[in-house]
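One structure is given below, encoded as C-alpha cells.
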Amino acid sequence: MDPQEYQQLEQQITPPTPYVKNVLKAFLVGGLICTIGQAIMYLYIIFFDFTDKTAGNATTATMVFIAAVLTGLGIYRKLGAFAGAGSAVPVTGFSNAVVSAAIEGRTEGMVLGVGGNIFKLAGSVILFGVGSAFFVALIKLILVTAGVVKW
Amino acid sequence: MLFFNFLIAFMVGGIICVIGQLLMDVGKLTPGHTLVTLVVAGSILDGLGLYDPLIDFAGAGATIPITSFGNALTHGAMAEAEKHGWVGVLTGMFEVTSSGISAAIVFGFLAALIFKPKGKVD
Amino acid sequence: MKKFIIFFFVPFFLIGCSNEQIVKVSNNAADGEKREEIENLIRDTKEVYTGTAILAGDELLVAIQVNPWLGYKEQKVEKKLQKEIKEKYPDLHVLVSSDYKMHWESQKLLNEKDSKKLKDEVKKLKDLAKEET
Amino acid sequence: MVILFTSKPSIIACGVAAGPLEQRSVFYSYFDSVAEDERWGQKSNEQGHSKMIQEACDIVMEKAKIKNLDVDFFLSGDLVNQMTPTNFAARELAISFIGLFSACATSVSSVIVASLLTELGASQYAIAGAASQHNAIERQFRYPINYGFQKPATAQWTVTAAGYALIGKHDPNLPSIVAGTVGKVVDYGEVNPLHMGGAMAPAAYDTITSHLKKRHQKITDYDLIMTGDLGKIGLKILKAMFAQSGEKQEDLEIFRDAGGEFYGEDEKFQAGASGAGCSASVFFSYIEQQLKTGRFKRVLLVATGALLSPLSYQQGETIPCTAHAIEITME
C-alpha cells in the first residue's frame, strides 16, 4: 500500500468534521459571550459614569477577569472544547490563552516560567495586531498624503 | 428596543465567531493562525473606516471579539498619524493601548499565583 | 431549524413596521416655540426612535437613540442633527449624542425643576460625552 | 527485524501505578495502585511523573520480593524532553539504567532490550517499561492544560500511568517472551498531531506483517493481537488495511487496541487513550494477568509510537512512526 492509497483509506474511515454542528455551537456560544458583554456594558453605563465609548474598556477588562477565573477553575477549557471558535474568538479566549500559559509556567518560577511563557500562545496575536496597526496606519498616511483618501 | 441591541450583539458576535470556526474547520488553521487572521482583519477594516460603524451597530458584538483588538491598535496608530504625520506612525505605536492585553497580563499573573493546572476531563 | 429562522427574522419585520417615535423635550424651557421646533427637528430625523432634548438656559443636550438596525449610521445621524439645530439656533450650545448614557441620564432630567442644578447636570453630561477612551 | 528468544525470558512480576482519572479506565481493577493526586504530592507535574515511575518499580520489586540491588538493569522511557522523569526516577532507584525513547512504543522496545540482556546472560533481573503523565505531556506537545480548544474525534487523551515488568530467566509457570520485532520508522505523510492513530496505523501494520512473515504465522495463530494506542479510529484503519490485504473479516476480531479500550465508550476521551503509559499499563496488568490465568495462550503486543516533537510539527514535518512487537506465550 503506497502513501496515497493509504491516505484515501484513512480519509474514508476518519469521521468527517461536523461542520454544521461546530458552526452552530460557535455561533451560539460566541453570540452569548458578546451578549453578556453587552449587558455588562449597559450596567457600566447605567450605574457608573461611563459612556458608550468609555464603557468598552471596562467591559473588556471585566470579561477578561471573568475568563481568567473560569480558566483557573478549568471551566473555560471545557467551554473551549465545546464551542471551538465560539469561545476562542471573543476577548475571553485571549484571556484564556494568556492565563492558562501563565498558570502552566508557575513551576518554573515567576520570571522564567510565568514571565517567559505568558505570551506563548497570545504573543502572536499581539505581534500581528501591533504590526498590522503600524502598516495600516502607514498605508493610510501614504494615501492621505497622496490625496487619494481623507482621514 | 434595547432587546434588539442585545439581539444584534448576539448575532454579529456569533457571526464573527462562525468566521473563526470556518477558518479552523474548513481552512484547517490552528487556533493561533485563526486569531491572528481575525486580528489583522479587524485592523484592515478599521483602516477602511468600516469597524467604527460596526461597533455603532453591534456594540459588544463588535467590541468583544478579538477583531476589535486589531481595530483598537490601528485606531491609536492612525489617530497619532493624523496628528503628527510620519513621526506619528511610529509614536502611535507607543500610544496605542488595549485594555484587553493589560487586563489579561494582570489577571494572568494573579491567576498563576492562585491556580494549578489540573488534568480533568469534565 | 424552522423555529430558529423565525426567531431571528421576525424582529426584522417588526422593527421595519413600527415607526412610532417618542420625542420629549424638557418642560423647563420657557420658550414654547423653541421646544416645538426642536421636537420637530428630531421627529424629522427618521432614523431616531427616541429623542430627548434637555434645554437649560443656553445649554441644549439632545439625546437620541437610533433604530438598532440603523445603528451603523449613528455617527452620521448625530452630525446631521447637530448641524441642523446649530444652524437654527446658533446661540445655543448644542450637543447631539446617540450615546446610551446620555439617553439614560436625560430621562432623569426631564422633570428636573431646579434650573441651576439642571444646567450643571447638562454640562457634566456634555463633558462626559466628550471623553475619549 | 525479528528476534527469536530461544531462552524464552519470563515476565516475573508487573507493577502499574496510575493517576486519579484512570479510575475511569476499564482496566482500573487490574492496576496495582491508583493515586489520589495527579502530582503524587509533588510540586510539579514532572516531579509527580518521576514519583509515579518509582512507585510502579517499587511495586514490581515488592511483588518479586527483591531489592533494587538485585536488579541488574532499568530500561525505561517517557515523553518529556530528555526523559527527565525517568532519569530522575533512575537516580532514586539506583539501578544500572539505559533510557530508551520510542515515544509510546517504549513499553515494548524496553522489554525487547531487557529480553536480549537476559538471553545474553548479562541480566538476571531487568525492569522494563514506560510511563506518561497527562499534564506534563499535554503541556509539552499541545497546549497548556487550561487552554480551551476543540478536539476532533480523532484526538486521544494522554494517560497518567506507569507500567513496568520484571524480566528474568524462563519460568514455565509464567508468561514468556518468545520473539520480538523491532519496527522500522514508517511515515505515510500524516501531518495532523491530533490524529495519531492515522499516523501510526501503517507502522503497526508494517511491524505485524513482518513479524508474522518471519515467524511463518497467520493472525489466527494468536489469541490476541493488541496494539498500543492507535485509538478507536486508528484500530479501524489498521483492520481495514488487513482486510485489504486479504484477511477474513471475522478474523479481524483478533485485533484490539489498548488505547481505544482504555476509557471505554466515554466520548469525552474522543478516540481513546494514548501516551507511553497507556500500552505499558495495559500490557503489564491486564494482559499479563490474562496470560497467567491461561485465558490467552499466545499474544502479540504491538506498541506504537509517533516520533514527533512540537518543533518538528511546527516546522511542517510529517509524523514518522514506529511500532515494536513482542510475542508472549503461556505454556
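Since we're looking at a predicted model, the values are computed, not measured.
In the model, Thr51(A) has a side-chain atom that pairs as donor or acceptor with a side-chain atom of Thr54(A) under 3.5 Å. Looking at Gln133(D) and Thr160(D), their side chains never bring a donor and an acceptor atom within 3.5 Å of each other. Side-chain contact annotation: Trp157(D) with Gln270(D), donor-acceptor N/O pair under 3.5 Å absent. When only modelled atom types and interatomic distance are considered, Thr318(D) and Asp187(D) share a side-chain donor-acceptor pair under 3.5 Å.
Heavy atoms closer than 4.5 Å to chain D are found in both the backbone and the side chain of Glu10(A). The contact between Lys43(D) and chain A is made entirely by backbone atoms, counting heavy-atom distances below 4.5 Å. Only the backbone of Phe149(D) comes within contact range of chain A, judged by heavy atoms closer than 4.5 Å. With a 4.5 Å cut-off on non-hydrogen atoms, Thr107(A) touches chain D through its side chain but not through its backbone. Residue Gln47(D): no heavy atom, backbone or side chain, is found under 4.5 Å from chain A. For chain D, no part of Leu79(A) is nearby; none of its heavy atoms comes within less than 4.5 Å. Looking at Ser44(D), the atoms closer than 4.5 Å to chain A (heavy atoms on both sides) sit in the backbone and in the side chain alike. Contact of Thr71(A) with chain D is made through backbone and side chain together, with heavy-atom distances under 4.5 Å.
Among Gly234(D), Ala271(D), Ala240(D), Pro202(D), the residue making the largest number of heavy-atom pairs under 4.5 Å with chain A is Pro202(D). Between chain D and the options Arg106(A), Glu108(A), Gln4(A), heavy-atom pairs under 4.5 Å are most frequent for Glu108(A). Counting heavy-atom pairs under 4.5 Å between each of Pro3(A), Ala85(A), Gly74(A) and chain D puts Pro3(A) at the top.
Checking Leu143(A), Ile142(A), Leu141(A) one by one against Thr145(A), the side-chain contact (heavy atoms from CB on, under 4.5 Å) holds for a single residue, Leu141(A).
Counted within 6.0 Å of NZ on Lys151(D), heavy atoms from surrounding residues, nucleotides or ligands total more than 12; the atom is thus considered enclosed.
Judged by the 6.0 Å distance and 45° axis criteria, Lys25(A) is positioned over the aromatic ring of Phe82(A).
Between the CG atom of Leu230(D) and the OG1 atom of Thr227(D) there is a distance of 4.0 Å, given to the nearest 0.5 Å.
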